[in-house]
**Student:** 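The following block contains the structure, expressed as structure tokens.
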Amino acid sequence: MILSSCKPAFLRRLTSSCLPALQCFASGTIFIRSSIHGLRYGAGSSSRDDHQASNHELALVSALKLCCINLDVSRGRGIHGLVMKSGLESNNFVENSLINMYAKCGCLGDAQSMFDSCAKLDPVSYNIMIAGYVKSGELNEARKLFDIMPKRGCVSYTTMIMGFAQSGFFWEAFEVYKQMRSAGVLPNEVTMASLISACSSLGGIKVCRMLHGLVIKMIFDQLVLVSTNLLRMYCLCSSLTDARALFDELPVRNIFTWNVMLNGYAKAGVIHLARDVFDNVPEKDVVSWGTIIDGYIRVQMLSDALSMYRSMVSSGVEASDVMMVDLVSACRKALAISEGQQLHAILVKKGFDCNDFIQATVTHLYAACGRIKEACLQFDQGIKKNVALWNALLSGFVRVQMIDQAAKLFNEMPERDVFTWSTMISGYAQSEQPTMALELFHNMVAAGIQPNEVTMVSVFSAIASLGTMKEGIWAHRYVVNSYIPINDNLSAAIIDMYAKCGSIPNALEVFHRIRDKAATVSPWNAIICALAMHGHANLSLEIFYDLQMRGIQLNAITFIGVLSACCHTGMMELGKRYFESMKSAHNVSPDIKHYGCMVDLLGRSGQLEEAEKLIRSMPMEADVVIWGTLLAACRTHGNVDVGEWAAGNLARLEPSHGASRVLLSNLYADAGKWEDAFSVRQAMQSSRMLRLPGYSGVV
């Protein structure tokens, strides 16, 4: 009735474009009281005409809101045209709705034009434009409007704080908040949530507690939005005790609150507490399941992660593609090919295998597990324009030392990124082709590809193999001049390079420069092993003492360097104490290299019977190096019985090992057993056994 009584052509066209909301309005089921006054269609209009005009205005606004929801700018432009024809273009309410429609549909140029053409702008107009620029990431334009708007309210300040926080400009967000308080504008819960989000990256626990106090003072601590952001802030600052205390005090928790607490524990590796929170989540969503599965993956508990995945599927929750990628990647790291194949089958069943990133992940799984045939098959079925797919197969070839095939694939690649070049350089360095590795590195630089720290680790490894100090100095200078971040692995590679090139002073200089910044044991291992290898055993042990005071987790390589240093200095008792402390104090299981160092240490000290006892108690079979070390010690100390035992085991493992026969012959000769010595020599000659001559890598 209303829609048919005034301007029928206009309303018929409007009705056809306004979807169900206007149909409800036409039938009289919706009544909206307009806050806009003064809209008239002519002098002397009746109250009935006023009511009809108000209804026309509200119909337009409702239609424009629908266009915003559906991001339908084409229909919005049509409604804009109807506005122009209806004479409502000067209505402030309708103008703001048009600006809002264009801004939310991403047409900021049209929104700005509409904004500039408005005869009267109010704070709502400014807020709409500022929000539009913030949403599109154009913070400079948003800030310009913010600075010139005549009256800023809570919405204006909150929009700017939110925009800066979401874009990583945390200090700017904090400065806007300070301006807000200086202007006497009170924040709301959205303001505080955005400010907390910004400050999460600004400081440590002190900032967290300061903001927490501010929230309590402003009586926002009972609001779930604010409290959840505070909880997240504590978790990001690794203050899980404070986070849990806040979590336990919350009167209301939604699923986001539960997931934030769960994520805090999972990311910190406190998996038992994460599981406790997970078990108490009232209604678990896919994020809850994904977080606990990721937590198990982080602590390398693959079987538990897969068990949780099965429970999730049984509960009716569908896995996301991101979760499936994480599980397949975990199988790759654990070399769990059987579980990985089952996940691959699920990916195919769900249709995720069409995703190019998942294709690369599955190819990487097979390649890492040495299943090159399956990796090649997956590669052949994949999207060839995806460089990650090529890189997955390339890394597989490198991993199984198929360098020729890797080089062929590298040359066929339509596109190469830094990972491609780094993988190929690493392959050459690991396959004892350091010259090719350096040549490829120089080609990479010439091609305009910026190396990263991973690339440079392989480059320094190649230089260390060649022992070319000049090349090493150039590469070190290149890293500094190119502002390549020097992480722990790269600093360890530089130290190792200088040591193997014979420059311990340069190695020490690099180490002293980074020792207080090192977060892991890698640089410490490099200098400890380097000093031990070059005979600076006392200095090596001094640095080890310093390392122990810093609380950095030691690993197997650390003890190889320490035991080697003890060997060179003859510190048998100290070496035995360190060896025994590996498992008991540092949870490091000795491997065959550590047993080799101990056999060498005991042999140098003449404790051959104890060395024999140690070998017999080893959890693994002794290798050629250990038997050779023991035999050499027996020759030095004249122990024929143990020497014969060592020589017999050495001959069993490597019958053609001529050096061991020479040692045994000399041992017999030193002991005056000339017949036994002659017998060994005669056996060598009859077997045509040769002792390979030594050679120098320098001359």
Side-chain angles (χ1 to χ4, degrees), residues 161-162 164-175 177-178 181 187 189-282 284 287-288 290-301 487-488 516-521 549-553:
I161 292 170
M162 188 183 300
F164 281 130
Q166 291 174 351
S167 300
F169 297 102
F170 306 117
W171 280 113
E172 288 81 354
F174 191 66
E175 287 299 319
Y177 175 75
K178 287 166 62 178
R181 298 310 306 272
E189 65 271 21
V190 179
T191 317
M192 293 308 300
S194 301
L195 180 67
I196 291 167
S197 177
C199 291
S200 296
S201 302
L202 286 181
I205 189 63
K206 290 183 179 179
V207 176
C208 291
R209 289 171 179 160
M210 178 188 71
L211 283 173
H212 193 175
L214 181 61
V215 165
I216 293 172
K217 182 179 179 181
M218 302 182 74
I219 323 177
F220 286 144
D221 55 315
Q222 302 298 308
L223 299 175
V224 68
L225 174 65
V226 177
S227 58
T228 300
N229 275 271
L230 264 177
L231 185 66
R232 177 177 174 272
M233 187 177 188
Y234 277 124
C235 290
L236 287 175
C237 293
S238 300
S239 182
L240 295 178
T241 302
D242 291 303
R244 187 55 189 259
L246 173 62
F247 178 80
D248 290 338
E249 291 172 0
L250 295 179
V252 179
R253 304 171 188 145
N254 59 18
I255 187 60
F256 300 104
T257 313
W258 283 96
N259 286 341
V260 167
M261 192 69 252
L262 175 61
N263 187 61
Y265 282 135
K267 289 284 178 64
V270 193
I271 195 63
H272 65 286
L273 293 178
R275 181 60 186 267
D276 179 63
V277 171
F278 175 81
D279 289 339
N280 288 285
V281 176
K284 303 173 182 65
V287 176
S288 311
T291 303
I292 193 64
I293 289 171
D294 179 65
Y296 279 121
I297 290 173
R298 285 175 177 271
V299 295
Q300 300 177 9
M301 297 173 67
N487 59 18
D488 286 354
D516 293 327
K517 303 175 185 176
T520 66
V521 77
M549 296 297 105
R550 294 176 182 255
I552 297 175
Q553 179 65 46

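As the structure is a prediction and not an experimental result, all values here were calculated from the model.
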**Student:** Between the side chains of Tyr296 and Arg275, does any donor sit under 3.5 Å from an acceptor?
**Tutor:** yes

**Student:** Under 3.5 Å, side chain of Asp488 to main-chain N/O of Thr520, donor-acceptor pair present?
**Tutor:** yes

**Student:** Determine whether the aromatic ring centres of Trp258 and Phe278 lie less than 6.0 Å apart.
**Tutor:**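 Ring centroids of Trp258 and Phe278 are no less than 6.0 Å from each other.
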
**Student:** Give me the atom names and distance for the closest heavy-atom approach of Gly264 to Cys235.
**Tutor:** CA-SG, 3.8 Å

**Student:** Do Asp276 side-chain atoms and His272 backbone N/O form a donor-acceptor pair below 3.5 Å?
**Tutor:** no

**Student:** If every non-hydrogen atom of Leu250 is compared with every non-hydrogen atom of Asp221, which pair is closest and at what distance?
**Tutor:**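 So the minimum-distance heavy-atom pair works out to CD2-O, 4.5 Å.
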
**Student:** Looking at every non-hydrogen atom in both residues, tell me the closest pair between Ser288 and Asn259 and how far apart they are.
**Tutor:** OG-OD1, 2.6 Å

**Student:** What pair of heavy atoms forms the shortest contact from Met301 to Ile271, and how long is it?
**Tutor:**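 Shortest heavy-atom contact: SD-CG2, 4.2 Å.
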
**Student:** Please name the pair of heavy atoms, one in Ala165 and one in Ala173, separated by the smallest distance, quoted to 0.1 Å.
**Tutor:**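 Where Ala165 meets Ala173 most closely, the heavy atoms are N-CB, 4.1 Å.
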
**Student:** Measure across Leu195 and Leu211 and return the closest heavy-atom pair with its distance rounded to 0.1 Å.
**Tutor:**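 Minimum heavy-atom contact is CD2-CD2, 3.9 Å.
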
**Student:** Could you check whether any side-chain N or O of Ser194 sits under 3.5 Å from a backbone N or O of Val190, counting only pairs where one atom can act as donor and the other as acceptor?
**Tutor:**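 Present.
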
**Student:** Go through the steps for Thr257 and Asn254 under the test side-chain hydrogen bond (donor to acceptor under 3.5 Å, both in side chains), then give the verdict.
**Tutor:** CA-CA 5 Å; Thr257 313; Asn254 59 18; 2.8 Å; yes

**Student:** Using 0.5 Å steps for rounding, measure from the CG atom of Asn229 to the CD atom of Glu189.
**Tutor:** 11.5 Å

**Student:** Is there side-chain contact between Tyr177 and Met192, with at least one heavy-atom pair below 4.5 Å?
**Tutor:**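 The answer is yes, as the side chains (C-beta and beyond) meet within the 4.5 Å cut-off.
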
**Student:** First locate atom NZ of Lys267, then atom OG of Ser238, and finally report the distance between them rounded to the nearest 0.5 Å.
**Tutor:**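 Between atom NZ of Lys267 and atom OG of Ser238 there are 11.0 Å.
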
